[in-house]
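For this chain, numbers begin at 1 and follow the sequence in order.
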Amino acid sequence: MLYFQSDYIEGAHESLLKRLMETNLEPLSGYGEDKYCESAKKKIRAAVGYPNAAVSFLVGGTQTNSTIISAMLSNYHGVIATTDGHIFVHEAGAIEHSGHKVLTLPSHNGKMDADELADYLETFYADPTYEHCVIPGMVYISHPTEFGTLYSKAELQALDRVCAQYEIPLFLDGARLGYGLMSNQTDVTLKDIADTCDVFYIGGTKVGALCGEAVVFPGGKLPTHFTTTIKQQGALLAKGRVLGVQFDTLFTDDLYFKISKHAINMAEKLKDMFAKKGYSFYMDSPTNQQFIILENSKYEELKKEVCMSFWCKYDDNHTVVRFCTSWATTEEKLEELDKLL
């Protein structure tokens, strides 16, 4: 079988496993209070260009989204996302379970429009009965989006201006951030994200780590009792060293960016391969997620030898399927897929 259904089906990059083995028998303090977590934090602060940024390591994406939203919002707040935002569609109601409603805006190939956000907030506060409603307390976006699309620097700045006007934080889900930063079609840097977002995270789980996400508050101020909230949400790893060692390695010699670039190179080759054979794309994705329209008969045929992700029904005769490349995708895998097409 060939596996293209996601970007976290393999374990971890060998450099991380090597460092985990090398440090395995060192007795270290728990809960992230060890020298490797501290070293990783320093490297991440340097990478984002904010020497006083607050950095925390959490175990996974859903826990991270739920923890940040729970920590930053009051009990009367909701969080604004697009209709296909990950927290609204694919997190099993984790945000609502924590007591916060997800308030939705239209999606534009996964992205939120700043003018529509401004109109939504203006309309909300123009209603004299708004105190009877869930108060919008945060804006959530993902970069890359669920469709592999990317915000431009100007689009991030526009969202930032709206959020600043209404004094609500802009939160960027960076589960696949490396693949967005290394896209051939982006003008956004890690520092640009730190400049425009109140909080974001650097995804490890999908970008070469066994597990783990690095949450960054560029301004340097954590929400009150943030560590307590992390623990309440089940996102605090007792053996925090596991996350620290991994992120310390990912941010040594630009490894995070190098392996992300590899995934982009593989995605471009995969895209070219499908295009040359006459397949149609559901949308143009500049990252490692590619959405292909397959005839249902071809889809059933490929499923016998290829693992891929069903995305949606296109029409009665076609299905949209997602193919993902990752830091671990090889040329040989692409060549085998090419033969099956």
Write down the atom of T186, the atom of G180, and the distance for their closest heavy-atom approach. CG2-O, 3.5 Å
OG1 of T287 to NE2 of H143: how many Å apart, nearest 0.5 Å? 9.0 Å
How many angstroms lie between atom CD1 of I141 and atom OG1 of T196, to the nearest 0.5 angstrom? 7.0 Å
Flag side-chain contact, heavy atom, 4.5 Å: E116 against H108: yes
On a heavy-atom basis, the closest approach of A94 and T62 is CB-CG2, 3.9 Å
Can L156 be reached from F171 by stepping across I, L, V, M, F, W or Y side chains whose heavy atoms are under 4.5 Å apart? no
Backbone N or O of T83 within a donor-acceptor pair of the T104 side chain at under 3.5 Å? no
Any side-chain heavy atom of D119 sitting closer than 4.5 Å to one from D115? no
Tell me whether S98 contacts the main-chain N or O of I95 through its side chain, where contact means a donor paired with an acceptor under 3.5 Å. yes
Other hydrophobic cluster members with Y279, side-chain heavy atoms of Ile/Leu/Val/Met/Phe/Trp/Tyr under 4.5 Å, chained? L2, F4, M266, L270, M273, F274, F281, I292, L294, Y299, L302, V306, M308, F310, V321, F323, L334, L337, L340, L341
Below 3.5 Å, can you tabulate the donor-acceptor pairs from side chains in residues 208-236 to any protein atom, sequence neighbours excluded?
{"unit_1": "E213", "atom_1": "OE1", "unit_2": "G204", "atom_2": "N", "d": "3.4"}
{"unit_1": "E213", "atom_1": "OE2", "unit_2": "T205", "atom_2": "OG1", "d": "2.5"}
{"unit_1": "T229", "atom_1": "OG1", "unit_2": "H225", "atom_2": "O", "d": "3.3"}
{"unit_1": "Q233", "atom_1": "OE1", "unit_2": "S66", "atom_2": "OG", "d": "2.7"}
{"unit_1": "Q233", "atom_1": "NE2", "unit_2": "S70", "atom_2": "OG", "d": "3.2"}

Using a cut-off of 6.0 Å, state whether more than 12 heavy atoms not belonging to H97 lie near its atom NE2. no
As an exercise, state the distance from OG of S285 to CG of L150, rounded to the nearest 0.5 Å. 7.5 Å
Test item: I44 and F57 side chains (from C-beta on) under 4.5 Å apart, heavy atoms: yes
Report whether V89 and V79 are members of the same hydrophobic cluster (ILVMFWY, side-chain heavy atoms less than 4.5 Å apart, transitive linking). yes
Quick one: does E300's side chain have a donor or acceptor within less than 3.5 Å of a partner on N296's backbone? no
Steps toward side chain to side chain contact (heavy atoms under 4.5 Å, CB included) verdict (D113, L105): CA-CA 9 Å; D113 180 79; L105 287 179; over 6 Å; no
Tell me the side-chain hydrogen bond (donor to acceptor under 3.5 Å, both in side chains) pairs involving residues 162-176, sequence neighbours left out? D7-R176, N65-D173, Y140-D173, D173-Y201
Test item: side-chain donor near acceptor, T149 and N109, under 3.5 Å: no
Is a salt bridge present between K258 and D253, judged by a nitrogen-to-oxygen distance below 4.0 Å? no
Which heavy atom of C37 sits nearest a heavy atom of G240, and at what distance? SG-O, 3.4 Å
Where does the angle between the aromatic ring planes of Y282 and Y314 fall among parallel (under 30°), tilted (30 to 60°) and perpendicular (over 60°)? perpendicular
When you look at H77 and M72, which way does the side chain to side chain contact (heavy atoms under 4.5 Å, CB included) test go after all the steps? CA-CA 9 Å; H77 280 141; M72 297 187 73; over 6 Å; no
Under 3.5 Å, side chain of Y256 to main-chain N/O of G178, donor-acceptor pair present? yes
Shortest non-hydrogen separation from P136 to L121 and the atoms involved: CG-CD2, 3.7 Å
Start with the C-alpha distance between K271 and D284, add both sets of side-chain angles, then the distance that settles side chain to side chain contact (heavy atoms under 4.5 Å, CB included), and finish with yes or no. CA-CA 10 Å; K271 183 190 296 188; D284 183 27; 3.4 Å; yes
So NZ of K41 and OG of S56: to nearest 0.5 Å the spacing works out to 5.5 Å
When rounded to the nearest 0.5 angstrom, what is the spacing between OH in Y36 and CG in L20? 10.5 Å
Would you indicate whether K298, at its atom NZ, is surrounded by more than 12 heavy atoms from other residues, nucleotides or ligands within a distance under 6.0 Å? yes
Would a 4.5 Å heavy-atom cut-off, applied to side chains only, mark L172 and Y151 as touching? no
To the nearest 0.5 Å, tell me how far Q290 CD sits from T325 OG1. 7.5 Å
Hey, does R45 have a side-chain heavy atom less than 4.5 Å from the side chain of P51? no
When hydrophobic residues are tied together by side-chain contacts of less than 4.5 Å, even through go-betweens, does M283 share a cluster with Y179? no
Take S152 and D187, measure what side chain to side chain donor-acceptor pair (under 3.5 Å) needs, and give me the verdict at the end. CA-CA 6 Å; S152 66; D187 66 347; 5.1 Å; no
Taking transitive links into account, so neighbours of neighbours count too, which hydrophobic residues share a cluster with I9 at under 4.5 Å side-chain distance? M1, Y3
So does E295 have more than 12 non-hydrogen atoms from other groups sitting under 6.0 Å from CD? no
For the backbone of Q185 and the side chain of S183, can you confirm whether one donor and one acceptor N or O come within less than 3.5 Å of each other? yes
Side chains of V162 and V139: does their closest heavy-atom pair fall under 4.5 Å? no
Backbone N/O of D34 and side chain of S29: donor-acceptor pair under 3.5 Å: no
To check you understand the geometry: which heavy-atom pair defines the closest contact between D84 and S107, and what is its length? OD2-OG, 2.6 Å
Can you classify the ring geometry of F147 versus F291 as parallel (below 30°), tilted (30 to 60°) or perpendicular (above 60°)? tilted
Not counting sequence neighbours, list each pair that qualifies as a salt bridge (Lys or Arg N to Asp or Glu O under 4.0 Å) and has a residue in residues 141-160. K111-E155, K153-D192
Charged N-O contact under 4.0 Å between E336 and K333: no
Are V55 and V48 linked, directly or through other ILVMFWY residues, by side chains that come within less than 4.5 angstrom of each other? yes
Contacts satisfying salt bridge (Lys or Arg N to Asp or Glu O under 4.0 Å) that involve residues 12-28 (not counting sequence neighbours) are R19-E22, E26-K35
Verdict with reasoning, L181 to S260, per side chain to side chain contact (heavy atoms under 4.5 Å, CB included): CA-CA 8 Å; L181 293 171; S260 296; over 6 Å; no
Closest heavy-atom contact between E10 and S326? OE1-OG, 3.6 Å
Does atom NZ of K303 have more than 12 heavy-atom neighbours, drawn from other residues, nucleotides or ligands, at distances under 6.0 Å? yes
What I'd like to find out is whether the side chain of I69 reaches to under 4.5 Å of the side chain of I87, using heavy atoms alone. yes
Evaluate the side-chain proximity of L103 to F88: yes if any heavy-atom separation is below 4.5 Å, no if none is. no
Consider only side-chain heavy atoms of I, L, V, M, F, W and Y, link residues closer than 4.5 Å, and tell whether V102 and V199 are in one cluster. yes
Where the side chain of N288 meets the backbone of C324, is there a donor-acceptor pair that is under 3.5 Å apart? no
